[in-house]
Amino acid sequence: MHPAFSCKGPLKMSRYEASQIEAKWQEAWEAASTFEAKRTADKPKYYVLEMFPYPSGKLHMGHVRNYTMGDVIARYKLSTGHNVLHPMGFDAFGMPAENAAMAIGGHPKEWTYNNIDTMVEQMKPLGLSLDWSRMFATCDPEYYGQQQALFLDFLEKGLVYRKNAVVNWDPVDMTVLANEQVEGGRGWRSGALVERRELTQWFFKISDHSEELLSALDNLENWPAKVRLMQENWIGKSRGLQFGFERVDGEEPITVYTTRPDTLMGASFVGISPDHPIAKQLESESEEVAAFVAECRKGGTTEEAIETGEKLGMDTGIRVRHPLNPEWELPVWIANFILMDYGTGAIFACPAHDQRDFEFATKYELPIIPVFEDPAGTGDLSEAYVPTKAEKVKYVKGFAGDTEQTGEDGVNAAVDQAEANGWGEGVTKYRLRDWGLSRQRYWGCPIPVVHCDDCGVVPEKKENLPIELPDDVSFDKPGNPLDRHPTWRNCSCPKCGKPALRETDTMDTFVDSSWYFARFTAPRADTPTDMAEAEYWMNVDQYIGGIEHAILHLLYSRFFARAMQICGHLPEKSVEPFDALFTQGMVTHAIYENAERKDENGRTVYHYPAEVEERDGGTFVKETGEKIKVIPSAKMSKSKNNVVDPLAIISAYGADTARWFVLSDSPPERDVEWTASGAEAAHKHLSRVYRIAAEAATMDDGTGKDDDTLVRETHKAIQDVTLGVESFGFNASIAKLYGFTNTLAKSKAGGAAKKQAAKVLAQLMSPMTPHLSEAIWELLGGEGLIANAPWPVADEAMLVEDTVTLPIQINGKRRAEIEVSKDLDKSEVEKIALAHEAVQKALDGNAPKKVIVVPGRIVNVVA
RNA sequence: GCCCGCGUGGUGGAAUGGUAGACACAGGAGACUUAAAAUCUCCAGGCCUUAGUGCCGUGCCGGUUCGAGUCCGGCCGCGGGUACCA
């Protein structure tokens, strides 16, 4: 009956053998289809989802932490009577597969599917409560074909369009580079200085939904405030003034947008982006301008590179009139820090109150004209004075409203003045840009359109989907192999039937991850979703993933849910697809950089933690003895090799130990630095739990002197652990479980009470250590699987304490404590406290100035 | 640069504005053992030749409060994101 315990008496206790226990119970769950999700009306549904992994080939501790957290929630919800959907898949398109093909040969497809197989094999031993029958990879044609169908629907609804946008261009390899492939402004393979170049690309019209994506954030109560704030700032709604500067030469006025029109009297010059139409025209007319603009286009496209790079400017010679004083002429400069994508691509600069303008004006000796008084009053002009809009300032050169008002009021008054006099208008703008989805790469979802000489851009017919990637491609040359594929590119026009060319750009991998959560509700449907299934399972009740996805992935998914709803692929309620979000911290680890050599391409060599050793006060490569430079604590990343293999822990101590270990100690939302010590201790603790339970199992069902206390402690444990699990305080739950285990171990209670306590302990541990808990459950004669057993409920009556210890503070410092009954009246507590000798001594015969009694908490006497 | 976080003993960390350091790890002492392992018990923030229930202590400086690790302002350090890494 109890195989782990058979034929052995209490003195020769059976050992905790994780490998046997875990294999056994995983088979039992599989046989009972415990985690297969089926639609049913008799239970409330619960959809828990962890962000699916990229199949890098190795499961790392970050994955284990992420999936274990989700598993705790999933198993807990199962125990509380929910119909749980807990699926898993792979975000399988992306650059690393192509990089691997280039570096070691082989095919991205083969590399990816091999990695998926490996990772599934690594995940299965963890005993996660996943419905594996729903698994898919985004590189499965069944998945990306439906994604192509979505694209066509979006196209029809006007949610996708084409326009020009800049990319990183490697002039030596003649190829587009991802931001990650640009290191210090140079291409990572060629080493050539990268340039910004324009290409025609596909865009999702996410900016049409700016206002909705912003205002809907207010209703996401179960999202972390920081994520909502980050998204709010990213969308970047601003109210400002748009107006034209008349050109002295009589050409078309230059339209600018500003969020600080109140500083207009401090205007020093007008700045335009190097990509502004005026700059482009001058570029074609003047060699000097062409050379300058070319200089501006050097370097990568990231906002960081542009914002932190050296500020460059050139006077165009164009002069414009100040809108409030036609006599006042301002120069027009081309400036490399002005983005064509934001506002109108042209600004007016007020160096006195904008640090970036200040630096530019200082460098090029342009005037700095204060508009409001710096309260420091030093007249110090080494930096700009930049008060917030909420601050009240004294305008010395204002033109609208009072001389003393907040920046906000000043802005509004300036907008009113401009509108009343007809030279400008108040407008609302958003920082959020449309989402460019075209990628000039092979390993992604092909964009299902065709370019026809006669018909232009023509959508593929749905019956021709999926447009599958061809397998016969090579990566021996830089660039997109689809561009040079002999036959795949050639096709016939879906509209007129004449020979045409297939689009060779593929989709951004963020597209793949923007709707997988919806696909999980009906992963084999022959439309993107099955509305009946989506209606039942959506929304995701609890989404769990890394904080690094706070903006892009989550914002894109929110947009996609809206777009899918518009196209009839998701119900109305799913426009916000994630009801609750939890962002867990990352598992970090030191990076080991080889200090003695670079690789053949001159790039840094990184070593795995397992490859290095610490000795003689330094760190060295085990095999070669080369010296290592240790870079502390960074996100575990395959490219930096600082990953720890969880399989080592699983094979040494078992999955439950690994699960218990990643959940204990660190709060889930915080980053955790991986250290190897501690895993053994976790295993010791689980062995101890097993031993204590096994010992209880051998006891007679008698009573003992500690029975009442143990029952009370049991109910307290239920209360505390449940609260911890429900609030993602897994580390707190585990701390309580340690305490409860100690209580149980030392308790002099009788067999019946101890067995009951051990059963509850097993249940409370079961979301974290499901295999061990099943084993203990069986040992103690529990009915069925613990996975299906109803979660224990704490009896309120058992939680009430009779007395409480109150600390007494004198002037805020703890000086004594008193024990009083829980419901004692405030005035009675005050009397007892004042009578205390420490208080009497401190008061020295005087009356207290004040006495604060916080019931059940503290007494503070102000002497 | 900009946006968002985080900072507490040797270490991971606990603490609805109310006893700072719960619970662990590493460490120390002891019990058991021929011995080791395992297990069990106890100690453990810093300071002091006053060892008091004394003083100091949650990155630094200031503020609000009867009371601040927690709230506010300003610094410093670290991490995430910055639209083509996923």
Side-chain angles (χ1 to χ4, degrees), chain A residues 51 53-54 56 91 93-96 165 167-168 176-182 201 206 224-227 229-234 236 300-309 337 341 355-356 431-441 508-510 512-513 546-553 555-556 583 585-586 588 632-635 637-639 664-667 669-673 675 677-678 680-682 684-685 687-688 691 729 731-732 734-739 742 745 805-809 811-817 838 848-852 854 856-862:
Chain A
M51 291 179 185
Y54 178 79
S56 59
D91 188 14
F93 276 133
M95 284 202 311
V167 293
N168 302 301
V176 176
L177 298 179
N179 287 334
E180 198 191 42
Q181 297 170 315
V182 179
Q201 314 215 55
I206 188 170
K226 62 179 170 186
V227 174
L229 188 57
M230 278 189 262
Q231 293 219 352
E232 182 183 328
N233 291 335
W234 184 260
T301 58
T302 65
E303 188 190 316
E304 186 193 2
I306 291 164
E307 289 281 341
T308 58
F337 60 85
D341 289 321
Q355 188 59 25
R356 197 171 53 181
R431 202 186 76 100
L432 181 64
R433 308 198 297 256
D434 278 335
W435 168 14
L437 67 118
S438 301
R439 296 291 181 271
Q440 295 70 43
R441 273 185 267 286
D508 177 9
T509 53
F510 273 123
D512 312 336
S513 55
I547 186 66
E548 66 269 27
H549 295 294
I551 297 174
L552 294 180
H553 162 62
L555 189 62
Y556 290 156
T583 54
M586 290 172 304
T588 64
S633 197
K635 172 171 110 170
S637 153
K638 196 166 183 325
S639 63
S664 55
D665 290 353
S666 270
E669 69 278 10
R670 206 185 291 190
D671 288 353
V672 56
E673 166 89 25
T675 55
S677 62
E680 194 188 341
K684 275 186 194 172
H685 177 73
S687 303
R688 181 164 177 248
R691 215 166 40 240
N731 55 327
I734 285 180
K736 298 292 179 195
L737 285 165
Y738 270 109
N742 289 336
T805 306
L806 286 187
I808 300 176
Q809 291 186 333
N811 294 331
K813 286 191 185 240
R814 179 176 170 276
R815 295 295 174 191
E817 58 185 37
K849 288 205 185 94
K850 201 172 179 181
V851 181
I852 292 120
V854 184
R857 279 288 175 186
I858 204 163
V859 180
N860 193 8
V861 179
V862 184

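The structure displayed is predicted, hence computed values, not measured ones. Naming convention: chains lettered A, B, ... in sequence-line order (proteins, then strands); numbering from 1 in each chain.
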First encountered from the 5' end of RNA chain B, between A/R815 and A/L177
A/R815
On RNA chain B, does the nearest nucleotide to A/Y738 precede the nearest nucleotide to A/L229 from the 5' side, or the other way round? Give the residue.
A/L229
Does [X] reach a base, just sugar-phosphate, or nothing at all? Heavy atoms under 4.0 Å.
X: A/R670; value: sugar-phosphate
X: A/K684; value: sugar-phosphate
X: A/S664; value: nothing
X: A/Q181; value: nothing
X: A/Q231; value: nothing
X: A/V854; value: base
X: A/N860; value: base
X: A/P667; value: sugar-phosphate
X: A/K849; value: nothing
X: A/N811; value: nothing
X: A/D341; value: nothing
X: A/F510; value: base
X: A/H685; value: nothing
X: A/I852; value: base

The reported gap from CG in A/L552 to CG in A/D508 (rounded to nearest 0.5 angstrom) is 9.0 Å
Would you give the length of the straight line joining atom CD of A/Q201 to atom CZ of A/R439, rounded to the nearest 0.5 angstrom?
7.5 Å
[X] side chain N/O closer than 4.0 Å to the phosphate oxygens (OP1, OP2) of [N]?
X: A/R439; N: B/A86; answer: no
X: A/N179; N: B/A83; answer: yes
X: A/K226; N: B/G5; answer: no
X: A/S666; N: B/G13; answer: yes
X: A/N731; N: B/C23; answer: no

Between [options], which nucleotide has the shortest distance from any of its atoms to the side chain of [X]?
X: A/I547; options: B/A83, B/G80, B/G18; result: B/G80
X: A/Y556; options: B/U19, B/C4, B/C84; result: B/C84
X: A/L432; options: B/U19, B/C85, B/A83; result: B/A83
X: A/A735; options: B/A22, B/G1, B/C4; result: B/A22

Which whole-number value in Å describes the distance from [X] [atom1] to [N] [atom2]?
X: A/W435; N: B/A86; atom1: CH2; atom2: P; answer: 12 Å
X: A/W234; N: B/A83; atom1: CH2; atom2: P; answer: 6 Å
X: A/I734; N: B/A14; atom1: CD1; atom2: P; answer: 12 Å
X: A/E180; N: B/U82; atom1: CD; atom2: C1'; answer: 14 Å
X: A/E548; N: B/C4; atom1: CD; atom2: C1'; answer: 14 Å
X: A/I551; N: B/C2; atom1: CD1; atom2: C1'; answer: 11 Å
X: A/K736; N: B/A24; atom1: NZ; atom2: P; answer: 12 Å
X: A/K813; N: B/G67; atom1: NZ; atom2: C1'; answer: 12 Å

Expressed as a whole number of Å, how far does the [atom1] atom of [N] sit from that of [M]?
N: B/G59; M: B/G79; atom1: C1'; result: 15 Å
N: B/A15; M: B/A51; atom1: P; result: 37 Å
N: B/G7; M: B/C61; atom1: C1'; result: 16 Å
N: B/U65; M: B/U70; atom1: P; result: 16 Å
N: B/G9; M: B/G46; atom1: C1'; result: 9 Å
N: B/A83; M: B/C75; atom1: P; result: 26 Å
N: B/G74; M: B/G28; atom1: C1'; result: 44 Å
N: B/G45; M: B/C84; atom1: C1'; result: 50 Å

Restricting both atoms to N or O, compile the protein contacts to nucleotides 40-47 of chain B shorter than 3.5 Å, with distance only.
from	atom 1	to	atom 2	distance (Å)
B/C40	OP1	A/R688	NE	2.8

Between A/E817 and the options A/V859, A/I858, A/T805, the side chain to side chain contact (heavy atoms under 4.5 Å, CB included) test singles out A/T805
What heavy-atom pair brings A/T583 and A/P224 nearest, and what distance separates the two atoms?
OG1-CG, 3.9 Å
Compare every heavy atom of A/P96 with every heavy atom of A/Y54, then report the nearest pair and how far apart it is.
OH-CB, 3.3 Å
Are A/H553 and A/M51 side-chain neighbours, meaning at least one heavy-atom pair lies under 4.5 Å?
yes
Quick one, A/N233 and A/L229 - any side-chain contact, counting heavy atoms below 4.5 Å?
yes
Restricting to side chain to side chain donor-acceptor pair (under 3.5 Å), what partner residues turn up for A/R857, sequence neighbours left out?
none
Restricting to side chain to side chain donor-acceptor pair (under 3.5 Å), what partner residues turn up for A/N179, sequence neighbours left out?
A/N168, A/T301
Residue set satisfying salt bridge (charged side-chain N to carboxylate O under 4.0 Å, His left out) with A/D512, at least two apart, ordered chain then number -> none
Would you please name every residue forming a salt bridge (charged side-chain N to carboxylate O under 4.0 Å, His left out) with A/E232, sequence neighbours left out?
none
My understanding is that only residues two or more places apart in sequence, or in another chain, count here; which of them pass ring-ring contact (aromatic ring centres under 6.0 Å, His included) with A/H685?
A/W660, A/Y738
Which residues share a ring-ring contact (aromatic ring centres under 6.0 Å, His included) with A/Y556, sequence neighbours left out:
A/W435, A/F510
Can you run through RNA chain B from 5' to 3' and write each base as (, ), [, ], | or . depending on how it pairs? Watson-Crick or G-U wobble, both distances under 3.5 Å.
(((((((..(((.....[....))).(((((.......))))).((((...).)))..(((((..]....))))))))))))....
How would you label the glycosidic angle of B/G9: syn (within 90° of 0) or anti?
syn
Residues which pass side-chain contact (heavy atoms from CB on, under 4.5 Å) with A/I551, listed by chain and number, not counting sequence neighbours:
A/M230, A/W234
